[in-house]
Number of protein chains: 2
Amino acid sequence: MPYDRPTLNALLRRHGIAPTHQRLEIAQVLFARCQHLSAEQILQQVNERHAETSKATVYNTLNLFRDRGLVREVIVDPKRVFYDPNTGPHHHLYNVDTGEITDIPADALRLSGLPELPAGMVTEGVDVIVRVRSAGTSALG
Amino acid sequence: MPYDRPTLNALLRRHGIAPTHQRLEIAQVLFARCQHLSAEQILQQVNERHAETSKATVYNTLNLFRDRGLVREVIVDPKRVFYDPNTGPHHHLYNVDTGEITDIPADALRLSGLPELPAGMVTEGVDVIVRVRSAGTSALG
DNA sequence: TGTCCATTGAGAATTATTCTAATTCACCCT
DNA sequence: AGGGTGAATTAGAATAATTCTCAATGGACA
């Protein structure tokens with residue numbers, strides 16, 4: 001188990017985040033399995049045993065983690081944001097039917113010919129989302 | 001002006017959409033300038049002269065246009081969906097500071113090495129979003 | 001002119017996220 | 001140990017995008 005408490009503790013500190021109990025719980029949920037979870041899902045998992053963390057704290061913490069570069073937001077569904085503990089360069093496969101999100105390793109997919117930006121613009125990141133659906137399903141009504 | 005009323009009328013019909021007054025107004029706003037507009041912005045522009053179209057109709061119509069392939073949803077901002085009248089293959093540049101969305105022509109950017117999909121999966125589309133910000137601005141608090 | 005079905009619309013409902021303001025907590029200093 | 005301090009947490013209200021409800025409207029066609 002690579003993400004025990006002392007490791008998570010150090011991880012937060014390294015990112016300038018005071019490792020409180022709630023933040024460690026949330027980090028635990030995020031890093032235990034490298035899934036893509038919504039705030040709601042994280043809230044549920046954190047409170048699975050005893051309800052100990054509030055909705056506000058989950059949102060505060062996720063925004064803090066995002067600002068400090070501990071997690072990345074994945075914006076594929078207009079209904080809700082997902083949080084990705086993998087901050088390395090990679091892309092996403094999004095199943096429109098099931099809502100499932102899978103990683104695509106960065107080296108599996110090459111991008112070439114990014115346009116040069118207007119002066120004074122800096123690239124913050126490049127997201128590639130491959131939207132898939134189960135064959136036979138259709139968006140047409 | 002490539003998008004006068006008769007042209008829009010034919011465009012809707014060609015997509016199997018009955019060209020009502022409100023739908024034509026909305027199509028007009030979308031296709032007049034090929035911008036990326038939110039539902040709220042479209043509602044405002046449609047009602048600039050006389051208030052004649054309701055919020056419900058704008059949402060219904062945008063969903064209908066999307067289902068029939070007349071417009072494409074652009075999901076870059078968790079707060080709201082943008083609608084893109086350009087349904088041809090292309091990608092997007094998103095300015096995180098200003099919220100501005102710009103097109104990147106498909107041929108300006110090459111993608112290679114898309115992973116093969118699990119059996120029974122079909123690609124619905126590939127979105128590439130280049131997130132930029134003004135130099136000097138920072139996400140770090 | 002009357003019927004019929006699709007379309008529209010006002011406003012309520014839903015829901016993810018943020019905000020507010022008050023409480024609690026961790027930690028340092030003595 | 002005890003008290004002060006500022007950060008963290010929280011319950012619940014507020015916000016805002018989108019959807020839903022269902023009654024009213026309207027155009028096409030007999």
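Chain letters run A, B, ... following the sequence lines, proteins first, then strands; residues in each count from 1. Just so we're clear, the structure is a prediction, and the values are computed from it rather than from any experiment.
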Q) Using a cut-off of 4.0 Å on non-hydrogen atoms, how would the nucleic acid contact of T57(A) be classed: base, sugar-phosphate, or nothing? A) base
Q: Could you tell me which residues satisfy side chain to side chain donor-acceptor pair (under 3.5 Å) with T87(B), sequence neighbours excluded, listed by chain and number?
A: none
Output a table of donor-acceptor pairs, distance under 3.5 Å, between side-chain atoms of residues 75-83 of chain A and any protein atom two or more places apart or on a different chain; print 'none' if there are none.
unit_1	atom_1	unit_2	atom_2	d
D77(A)	OD1	K79(A)	N	2.8
D77(A)	OD2	R80(A)	NH1	2.6

**Q.** Considering all heavy atoms, the nearest D97(A)-S134(A) contact
**A.** OD2-N, 3.0 Å
Q: Could you tell me the separation between the CD atom of E52(A) and the P atom of dA8(D), rounded to a whole number of Å?
A: 18 Å
I'd like a list of close polar pairs between nucleotides 21-26 of chain D and the protein, N/O only, cut-off under 3.5 Å.
none

**Q.** With sequence neighbours excluded, residues passing side chain to side chain donor-acceptor pair (under 3.5 Å) with R110(A)
**A.** none
Q) By side chain to side chain donor-acceptor pair (under 3.5 Å), which residues pair with N47(A), not counting sequence neighbours? A) none
Q: Rounded to the nearest angstrom, tell me the gap between atom CD1 in I17(A) and atom P in dA7(D).
A: 16 Å
Listing, residues 19-27 of chain B side-chain donor-acceptor contacts under 3.5 Å, not counting sequence neighbours, or none:
unit_1	atom_1	unit_2	atom_2	d
T20(B)	OG1	R23(B)	N	3.3
H21(B)	NE2	E52(B)	OE1	3.2
R23(B)	NH1	A18(B)	O	3.0
E25(B)	OE2	R5(B)	NH2	3.2

Q) Whole-Å distance between dA7(D) P and Q22(A) CD? A) 17 Å
Q) Does S54(A) place a side-chain N or O at less than 4.0 Å from the phosphate oxygens OP1/OP2 of dT10(D)? A) yes
Side chains of residues 30-39 of chain B: which donor-acceptor partners sit under 3.5 Å, not counting sequence neighbours?
unit_1	atom_1	unit_2	atom_2	d
H36(B)	ND1	I101(B)	O	3.4
H36(B)	NE2	D84(B)	OD2	3.2
H36(B)	NE2	H92(B)	NE2	3.4
H36(B)	NE2	D103(B)	OD1	2.9
S38(B)	OG	Q41(B)	N	3.2
S38(B)	OG	Q41(B)	OE1	3.4

(Q) Need two values: the first and the last nucleotide of DNA chain C, 5' to 3', having an atom under 4.0 Å from any heavy-atom of chain A. (A) dA16(C) to dC19(C)
Listed pairs, N/O of protein and of nucleotides 14-18 of chain D, under 3.5 Å:
unit_1	atom_1	unit_2	atom_2	d
dT18(D)	OP1	V81(B)	N	2.9
dT18(D)	OP2	Y59(B)	OH	2.8

Q) Taking atom types as modelled, is there a side-chain donor on D4(B) or T7(B) under 3.5 Å from an acceptor on the other? A) yes
Q | Under the side chain to side chain donor-acceptor pair (under 3.5 Å) test, residues paired with E73(B) that sit two or more places apart | A | R66(B)
Q: Each residue besides M121(B) in its hydrophobic cluster should be listed here, by chain and number; the cluster joins Ile, Leu, Val, Met, Phe, Trp and Tyr at side-chain heavy-atom distances under 4.5 Å.
A: L93(A), I104(A), L109(A), L111(A), L114(A), L117(A), M121(A), V126(A), V128(A), V130(A), V132(A), L93(B), I104(B), L109(B), L111(B), L114(B), L117(B), V126(B), V128(B), V130(B), V132(B)
Q: Any chance you could pull the hydrophobic cluster mates of Y59(B), using side-chain heavy atoms under 4.5 angstrom and chaining through other members?
A: none
